[in-house]
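Right, one structure below, let's go through it.
Computed over heavy atoms, backbone and side chain alike; hydrogens, waters and symmetry mates excluded. A note on names: the letters A, B, ... follow the listed sequences, proteins ahead of strands, and every chain is numbered from 1.
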There are 2 protein chains.
Amino acid sequence: MGQDAIDLETSLGYALKEASSGLRTAMEEVLRPLGMTITHYSCLELLSQRPGLSSSELARGAFVTRQSMHVLLQHLEREGHVARPDEARVGKVLPARLTARGHARLAQATAAVRGVEVRMTAGMTDAERADAFRLLRTMVRNLQQ
Amino acid sequence: MGQDAIDLETSLGYALKEASSGLRTAMEEVLRPLGMTITHYSCLELLSQRPGLSSSELARGAFVTRQSMHVLLQHLEREGHVARPDEARVGKVLPARLTARGHARLAQATAAVRGVEVRMTAGMTDAERADAFRLLRTMVRNLQQ
DNA sequence: GAGGCTATGTCAGAATACTGACATGGGTCA
DNA sequence: TGACCCATGTCAGTATTCTGACATAGCCTC
């Protein structure tokens, strides 16, 4: 292989995937008892913090295609957790909002997910958390170009 | 919401997911012209560095279920990129190995993926890369418990 | 105002991964 | 030795996500 290879033991990309996979698994474990998936939760959390997001914007925020988010929103609307106007006020964009039921449902999930994030950074100093955040943001910026 | 909420702007978990998603997208872009998926590539890369891994071990290394890896290995065997013995020498474990064709196929992909990893860490010092790696490993360890 | 570009919502089909289940081999421990 | 537990390989069915496609609305330029 030579030194052109990617050593899994020291690859930053592999470590990133490992961490992300671990986070995903941990989140699935705490969300499953609540009957929610990660995409499910992500959608509600996004709508809570940024009410009025469109389906496409939600898709970008949850890292799925807008087609997938479309299907999910239909479920959430049917279950009464999300509400959207029947017609677009401007263009074709349909701003979505959480209902009271949606807010209640989210509250449980947020507590559970918060616990996971706390566990993930256990033993890290504030400076280390800040470093990790800054370095990850740098990688995101680099990859977007 | 109060301060119990998870602020997407400052959440380490969200930044981790963003970075991971960006890496995945970038890898898909460079692997698509080669007709490979990420799981596909991961399997070949693992076998290259650790010849003789079983299907279940490959699954863990590529972060998918052993059932998914099983299907993928059948494809790779049919295409002549991977070879496995017909019978297990011990137990039920079937050690897999890359064929010459598999090695050739991997070489192209490795170069492409390596380019992505270089781009991801552009502008970072060696110390920063080491910090990022160490912090990610800490998070992995924390989540595994 | 017309044409081109981009973004959005939506539908349909394909690819991918997952859950559930079963039989089997190895190891442990009483 | 036999019971028990765990890991593996494998098959089948389900679920989720993605790719492809189309019509439409807004924006920009000429």
Identify the pairs formed between an N or O of the protein and an N or O of nucleotides 14-16 of chain C at a distance under 3.5 Å, and give each distance.
none

As an exercise, state the distance from [atom1] of [X] to [atom2] of [Y], rounded to the nearest 0.5 Å.
| X | Y | atom1 | atom2 | answer |
| --- | --- | --- | --- | --- |
| E79(A) | Q74(A) | CD | CD | 12.0 Å |
| L44(A) | Q108(A) | CG | CD | 11.0 Å |
| S20(B) | F63(A) | OG | CZ | 9.0 Å |

Whole-Å distance separating the [atom1] atom of [X] from the [atom2] atom of [N]:
| X | N | atom1 | atom2 | value |
| --- | --- | --- | --- | --- |
| M36(A) | dT16(D) | CE | P | 13 Å |
| E77(A) | dT10(C) | CD | P | 8 Å |
| R32(A) | dA15(D) | CZ | P | 14 Å |
| L53(A) | dG9(C) | CG | C1' | 16 Å |
| D86(A) | dG9(C) | CG | P | 15 Å |
| I38(A) | dT17(D) | CD1 | P | 10 Å |

**Message:** Taking T121(B)'s backbone N and O only, do any of them form a donor-acceptor pair with R129(B)'s side chain (distance below 3.5 Å, no angle check)?
**Reply:** yes
**Fill in**
Result for 5'-nearest mapping on DNA chain D, choosing between S68(A) and V93(B), is V93(B)
**Prompt:** Between dT10(C) and R84(A), is there an OP1 or OP2 to side-chain N/O distance shorter than 4.0 Å?
**Reply:** yes
**Message:** Expected output is a numbered-order residue list: members of residues 55-67 of chain A with a heavy atom under 4.0 Å from any atom of DNA chain C. What is it?
**Reply:** S55(A), S56(A), R60(A), R66(A), Q67(A)
**Prompt:** Counting any heavy atom closer than 4.0 Å, what does Q74(A) reach on the DNA or RNA strands: base, sugar-phosphate only, or nothing?
**Reply:** sugar-phosphate
**Request:** Answer with base, sugar-phosphate or nothing: what part of the nucleic acid does L94(A) contact at a heavy-atom distance below 4.0 Å?
**Result:** sugar-phosphate
**Message:** Walk me through whether S42(B) and T39(B) qualify under side-chain hydrogen bond (donor to acceptor under 3.5 Å, both in side chains).
**Reply:** CA-CA 5 Å; S42(B) 300; T39(B) 310; 5.9 Å; no
What side-chain donor-acceptor pairs closer than 3.5 Å can you find for residues 90-99 of chain B, not counting sequence neighbours?
| unit_1 | atom_1 | unit_2 | atom_2 | d |
| --- | --- | --- | --- | --- |
| T99(B) | OG1 | G80(B) | O | 2.6 |
| T99(B) | OG1 | H81(B) | O | 3.3 |
| T99(B) | OG1 | R101(B) | N | 3.4 |
| T99(B) | OG1 | G102(B) | N | 3.0 |

**Prompt:** Checking side chain to side chain contact (heavy atoms under 4.5 Å, CB included) against L143(B), which of R119(A), R24(A), M27(A), E18(A) comes through?
**Reply:** R119(A)
**Prompt:** Among L31(B), L34(B), L106(B), I38(B), which residue meets the side chain to side chain contact (heavy atoms under 4.5 Å, CB included) test with V113(B)?
**Reply:** L31(B)
**Item:** Check against salt bridge (Lys or Arg N to Asp or Glu O under 4.0 Å), R134(B) and E128(A)
**Value:** CA-CA 10 Å; R134(B) 181 179 53 81; E128(A) 283 176 328; 3.4 Å; yes
**Prompt:** Going by modelled atom types, is there a donor-acceptor pair between the base of dA7(D) and the side chain of K92(B) at under 3.5 Å?
**Reply:** no
**Message:** Of the listed nucleotides (dC11(D), dC18(D), dC11(C)), which one gets closest to any side-chain atom of H70(B)?
**Reply:** dC11(D)
